[in-house]
Participant: 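Before I ask anything, here is the structure I am working with.
Chain letters run A, B, ... following the sequence lines, proteins first, then strands; residues in each count from 1.
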Amino acid sequence: SQQGEEDPQALSIQEGENATMNCSYKTSINNLQWYRQNSGRGLVHLILIRSNEREKHSGRLRVTLDTSKKSSSLLITASRAADTASYFCATDDSNTGNQFYFGTGTSLTVIP
Amino acid sequence: DTEVTQTPKHLVMGMTNKKSLKCEQHMGHRAMYWYKQKAKKPPELMFVYSYEKLSINESVPSRFSPECPNSSLLNLHLHALQPEDSALYLCASSQSRGPGEGPEAFFGQGTRLTVV
């Protein structure tokens, strides 16, 4: 049931640097969402980008979407140690709109 | 209130036990979901309820039995589980939309289930 893949699987950066994660998916979508998960906890919604949008910003987050390539990227600028978490993209099914499939996830470590 | 509440937070059960996981939301969402997540893996969709009716079952074994008593509650009944069913079980809710209108989902903190 998994919809997509993320790259890289793991990323380690210094505090203050930017972190970029990529997501590729397989089918037509209505929107793509990015979620964050701290170790063993629930998922927190970060940002949603609709299929007719190309770029979206929220605070230190910048998301791009290329539906022709079925891919998205999440950029976190000026990273902080508190950004350390796993990040997942999730896509819905354009035929139903009521189910979410997650990518494989990127584990981000921000070193203070 | 943008909270999805799951209980219990932790559960240890034997393979012959019957237990239930509970999920509650008061955001007026009409779609609710169960996901299963193994360590270092993404959440995997199990069930989707839309307007209290089961709309999607992702070929989940019958030892997992979902129930939606009303629009705010979602249960997952567990019976005769196997040790490999040990995982984090996540509940989520969202507005229920038709094709072309995929919504944002809100997740609970999950129930950490261990089957012994």
Participant: Is A:Arg60 atom CZ crowded by more than 12 heavy atoms from other residues, nucleotides or ligands, each under 6.0 Å away?
Facilitator: yes
Participant: According to the side-chain hydrogen bond (donor to acceptor under 3.5 Å, both in side chains) rule, which pairs have a member within residues 72-83 of chain B, sequence neighbours left out?
Facilitator: B:Ser20-B:His77, B:Glu67-B:Asn75, B:Glu67-B:His77
Participant: Please look at B:Gln6 and chain A and tell me whether the side chain, the backbone, both or neither of the residue comes under 4.5 angstrom of a heavy atom of that chain.
Facilitator: neither
Participant: Is the shortest heavy-atom distance from the side chain of A:Phe88 to the side chain of B:Pro43 under 4.5 Å?
Facilitator: yes
Participant: How about A:Lys56: does its NZ atom have over 12 heavy atoms from other parts shown lying under 6.0 Å from it?
Facilitator: yes
Participant: When clusters are formed by joining ILVMFWY residues with side-chain heavy atoms under 4.5 Å apart, either directly or through shared neighbours, do A:Val44 and B:Tyr35 land in the same one?
Facilitator: no
Participant: Is atom NZ of B:Lys41 surrounded by more than 12 heavy atoms (other residues, nucleotides or ligands) closer than 6.0 Å?
Facilitator: no
Participant: Please report the interatomic distance CG(A:Leu46) to CD(B:Glu104), rounded to the nearest 0.5 Å.
Facilitator: 10.0 Å
Participant: Closest heavy-atom contact between B:Leu88 and A:Gln37?
Facilitator: CD2-NE2, 3.9 Å
Participant: Check side chain to side chain donor-acceptor pair (under 3.5 Å) between A:Thr77 and all other residues, then give those that pass, not counting sequence neighbours.
Facilitator: none
Participant: Cluster question for you: counting only ILVMFWY and a side-chain heavy-atom cut-off of under 4.5 Å, with indirect links fine, are A:Trp34 and A:Leu75 together?
Facilitator: no
Participant: Linking I/L/V/M/F/W/Y whenever their side-chain heavy atoms sit closer than 4.5 Å, directly or via other members, would A:Ile111 and A:Leu11 fall into one cluster?
Facilitator: no
Participant: Kindly give the heavy-atom pair with the smallest separation between A:Gly103 and B:Pro42, and that separation in Å.
Facilitator: O-CB, 2.9 Å
Participant: Excluding sequence neighbours, so at least two apart, what forms side-chain contact (heavy atoms from CB on, under 4.5 Å) with A:Gln9?
Facilitator: none
Participant: Only heavy atoms, only distances under 4.5 angstrom. Which residues in residues 108-116 of chain B are near chain A?
Facilitator: B:Gly108, B:Gln109, B:Arg112
Participant: I'd like to know whether A:Phe102 forms a ring-ring contact (aromatic ring centres under 6.0 Å, His included) with B:Phe107, so could you lay out the CA-CA distance, the side-chain angles of the two residues, the decisive distance to 0.1 Å, and finally the verdict.
Facilitator: CA-CA 13 Å; A:Phe102 285 84; B:Phe107 281 79; 5.7 Å; yes
